[in-house]
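See below for the structure under consideration.
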Amino acid sequence: MKPPTDWLDQRTGYKKLLHEALFENVPGGARWRYVWGSTLTFCFAVQVITGLCLWLAYSPGAQTAWESVYFIQHEMWGGWFLRGIHHFTAQAMTVLLVLHLMQVVIDGAYKAPREVNFWAGVVLLGLVLALSLTGYLLPWDQKGYWATRVATNIAAITPIIGPGLQQVLIGGADYGHQTLTRFFALHAGIIPGAIIAFIVIHVYLFRKHGLTPKEPKKKPDAPFWPEQVFRDAVACLAVFATVLFLVIRYHGAVLDAPADPSEPFSAARPEWYFLFLFQLLKYFPGGTEIWGAIVLPTLLLVVLVAMPFLGKWKLGHRFNLGLLWSVLAGAVLLTWIAKKEDAGNPDYLTAVQAAERAADRVVALAQGPSGIPPTGAVSLLRGDALTQGPKLFARNCASCHRFGGEDGIGGVPKDVPSASDLKGFASREWLTGLLDPKQITTAHYFGGSKLKTGKMSRFVTEQISQFAPDEKTELSKALVALSAEAGLTAQHEVDLRDAALITAGREALSGDILTCTSCHKFHDADENGGAPDLTGYGSRDWLIAFISDPAHERFYGDRNDRMPRFGADQRLTAQEIGLIADWLRGDWYLPPLEK
Amino acid sequence: MASSHHPVPPSGSRRDFFAKAGSIVIGAALMVVPAVSGLLVFLNPLRRRGQGGGASNAVRVAALRALPENGEPRKFPVLATRVDAWNRTPNVPVGAVYLRKVGPNEVKAFNVACPHAGCFVDFRADKNHYLCPCHNSSFSLDGRVLDPKSPSPRPLDELPVEIRGDGEIWVKFQNFRAGTKETIPA
């Protein structure tokens with residue numbers, strides 16, 4: 001009986017095909033320098049497999065793209081690993097493309113009759129770079145969003161077709177849903193389809209003309225199988241081992257905070273292999289940019305396409321080689337300069353840290369009890385006191401106030417503060433300092449403001465400093481009670497523990513020994529002396545009312561120093577004031593582990 | 001097997017000509033309909049629909065009192081209705097502006113987007129200028145390109161400002177095409 005393989009062969013002719021594939025002649029025998037094409041094919045296969053699996057979970061759309069990638073990265077089984085492989089294999093492909101191109105030119109494999117195959121390779125190079133450009137946007141995070149904005153704005157300076165090209169590419173005048181649907185169609189459909197077509201052409205032509213042997217041949221000719229296949233397999237293994245190492249080392253690919261068109265991203269940089277172009281553009285002053293962004297790359301492409309003709313002459317081949325080596329060296333140099341400039345740029349480093357914090361924070365919020373609302377993860381950050389509080393404080397409060405000596409976002413304003421430092425506002429510690437005769441008139445409290453010479457400062461420096469021990473006991477009780485009015489999260493447990501002390505302190509606050517209520521209102525006790533109401537002092541409602549209108553008669557009235565009426569004058573919205581109040585009170589969502 | 005035997009290529013008879021021409025015409029016509037209908041959707045973004053990338057009318061951005069008297073610029077988000085394909089979201093940030101008080105009742109407004117490639121510029125109080133964090137373009141307080149080596153082809157884009165009622169600053173927000181010497185609405 002004939003083996004079943006014969007039956008199948010008669011109907012498909014697979015044996016001939018297999019023979020074609022495996023017994024290609026390798027002139028001069030197997031060599032390590034021939035592996036690059038195979039490693040690229042392998043990488044492309046990895047990208048197809050991982051990409052299709054990512055596709056199963058990805059949803060292009062301004063309110064779903066980041067969210068679905070977040071879900072892949074943080075919720076799905078092995079999602080971070082899959083995404084990591086896709087991310088780092090893409091980087092490996094770029095490196096391997098350069099190696100493959102260099103090997104082809106060094107060995108003269110681009111010369112006649114292999115011109116068309118060389119051009120197919122140049123097209124493939126462009127297609128793979130287009131894949132990484134489009135893929136960078138798909139997570140719709142800050143990094144991808146801003147880098148794509150820059151890249152497409154630069155594409156728009158192409159003469160005549162530029163603006164139309166940009167509009168068609170991003171799907172309108174602005175970046176949004178249609179940018180994602182288009183980039184996704186390009187990334188997952190159109191470009192890979194074109195790559196497959198060109199790989200078929202590339203491999204067909206390669207087989208038609210055969211391998212270009214490196215002279216002198218060291219060994220006799222040998223078939224592709226098994227010696228060269230083995231070398232290719234080992235090279236693929238090395239590539240993949242490197243990819244896996246990077247995936248595990250960096251725990252997959254980075255996912256920044258969701259794209260927010262109104263939130264600038266100073267840490268915006270392209271993927272590292274485009275950094276040299278980014279750096280190059282810095283050297284073209286206004287109006288000449290087209291030379292760096294369009295003319296130079298186009299010229300390089302023209303030379304690349306003309307290389308097979310130039311290579312006919314010995315001098316031409318040397319020119320080709322010299323040019324490629326110079327471009328490579330230039331790219332390495334520019335990348336190094338870009339990295340070095342960034343490493344020495346404190347603003348950039350601060351921006352990177354802020355980006356990392358925002359990325360961690362939005363994940364914590366998404367994993368919190370509220371989850372991601374249908375309006376998208378960007379609204380989580382916009383409504384988060386921990387994220388917005390410092391920025392709002394820096395923009396609106398830090399010209400007078402400080403927060404732990406800083407402006408809220410890590411900067412230290414040059415001027416001396418002219419109002420109190422609000423870190424720990426209304427806490428026992430903060431109030432202890434305020435009521436300390438040595439501290440109240442320092443810049444940390446009332447030193448910089450009109451209040452320095454006010455009644456409260458005088459009361460503290462002249463009377464509290466002379467307090468007898470029993471008066472001091474009363475004061476410490478009152479202080480605990482006043483701080484408890486704020487209901488601070490950080491003091492929740494001590495306030496519960498000190499319930500009896502707080503009750504006594506409330507009486508002390510309204511009592512005759514301390515005479516607080518001769519100026520301040522406190523619950524029912526009210527002498528209406530024109531000082532701020534201490535009822536609910538430091539609580540969310542109290543702070544919101546205070547920030548909204550410090551000149552209200554409940555607070556400073558017409559004795560208000562320079563503090564703007566943020567709410568009454570519509571300088572800030574109610575939501576913004578609420579966010580500042582929550583942030584000052586340390587009131588924001590904390591994931592269980594950090595509590 | 002039959003597949004191994006190719007028939008003799010037909011001669012150039014009149015009948016053959018019709019078959020050839022017919023095949024090509026029918027084949028091409030069959031592809032044209034799906035291709036053109038696809039192309040229409042592909043090119044749809046070229047249609048102009050109202051004001052691209054900005055609010056069509058002036059919007060209230062801030063109160064005059066919120067600006068420092070010394071003319072230092074302050075950044076404010078511009079809230080308007082954002083249209084993203086099928087979504088209309090009212091009252092969301094569509095961009096941001098730098099506002100600067102230049103007279104008792106006069107305010108200048110700049111779009112924060114760098115005219116080079118669209119990154120947002122930062123005002124640097126210590127150096128009293130604007131700096132773009134992407135490619136280091138710098139701009140003076142009045143928006144002019146400061147360092148001649150800056151890649152920005154034009155000054156910061158100024159926006160029309162109106163002071164209405166009790167010191168309210170209204171700005172006609174608009175984005176402009178990046179990378180051009182001329183100021184062209186996006």
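Proteins come first, then strands; the chains are lettered A, B, ... in the order of their sequence lines, and each starts at number 1.
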Under a 4.5 Å cutoff for heavy-atom pairs, which residue among B/Pro153, B/Pro133, B/Ala178, B/Pro151 has the most contacts with chain A?
B/Pro151

Between A/Ala156, A/Gly164, A/Pro163, A/Pro564, which shows the greatest number of heavy-atom pairs under 4.5 Å with chain B?
A/Pro163

Which one wins on heavy-atom pair count under 4.5 Å against chain A: B/Pro115, B/Gly179, B/Ser152, B/Gly167?
B/Ser152

Please report the shortest heavy-atom distance between A/Gly172 and B/Pro45, naming the atom on each side.
N-CB, 3.3 Å

Closest-packed option against chain B by number of heavy-atom pairs under 4.5 Å, given A/Phe278, A/Tyr283, A/Phe284:
A/Phe278

Top of B/Ser137, B/Cys134, B/Ala117 for chain A proximity - count of heavy-atom pairs under 4.5 angstrom:
B/Ala117

Residue B/Asp147 versus chain A: region with a heavy atom under 4.5 Å
neither

Atom of A/Pro261, atom of B/Phe120 and distance for their closest heavy-atom approach
O-CZ, 3.2 Å

Euclidean distance, B/Ser150 OG relative to A/Lys282 NZ, rounded to 0.5 Å:
12.0 Å

Separation between NE2 of B/His116 and CD1 of A/Ile157, rounded to the nearest 0.5 Å
7.0 Å

Answer with side chain, backbone, both or neither: which region of A/Leu281 has an atom nearer than 4.5 Å to a non-hydrogen atom of chain B?
both

Residue pair A/Arg382 / B/Pro93: nearest heavy atoms and the distance that separates them:
NH1-CD, 3.8 Å

Is it the case that more than 12 heavy atoms not belonging to B/Arg144 sit under 6.0 Å from its CZ atom?
no

For A/His177, does its backbone N or O pair with a side-chain atom of B/Asp84 as donor and acceptor, under 3.5 Å?
yes

Show the numbers, then the answer: is there a side chain to side chain contact (heavy atoms under 4.5 Å, CB included) between A/Val150 and B/Cys119?
CA-CA 7 Å; A/Val150 172; B/Cys119 297; 3.5 Å; yes

Portion of B/Pro148 that has a non-hydrogen atom of chain A nearer than 4.5 angstrom
backbone

Do A/Arg395 side-chain atoms and B/Arg74 backbone N/O form a donor-acceptor pair below 3.5 Å?
no

Out of B/Lys181, B/Lys75, B/Arg177, which one racks up the most heavy-atom pairs below 4.5 Å with chain A?
B/Arg177

CD1 of A/Ile160: more than 12 outside heavy atoms within 6.0 angstrom?
no

If you compare all heavy atoms of B/Ala85 against all heavy atoms of A/Gln178, which two are closest, and at what distance to 0.1 Å?
CB-CG, 3.8 Å

What part of B/Arg154 is in contact with chain A, defined as an atom under 4.5 angstrom from a non-hydrogen atom: side chain, backbone, both or neither?
neither

Looking at chain A, which one of B/Gly118, B/Ala63, B/Ala96 has the largest number of heavy-atom pairs inside 4.5 Å, strictly under?
B/Gly118

Just checking B/Arg15: does its CZ atom have more than 12 heavy atoms from other residues, nucleotides or ligands closer to it than 6.0 angstrom?
no

Non-hydrogen atoms of chain B under 4.5 Å away: do they reach the side chain of A/Gln279, the backbone, both or neither?
neither

Under 4.5 Å heavy-atom distance to chain B, tell me which part of A/Gln63 shows up: side chain, backbone, both or neither.
side chain

Take a 6.0 Å sphere around CG of B/Asn70 and say whether it holds more than 12 heavy atoms from other residues, nucleotides or ligands.
yes

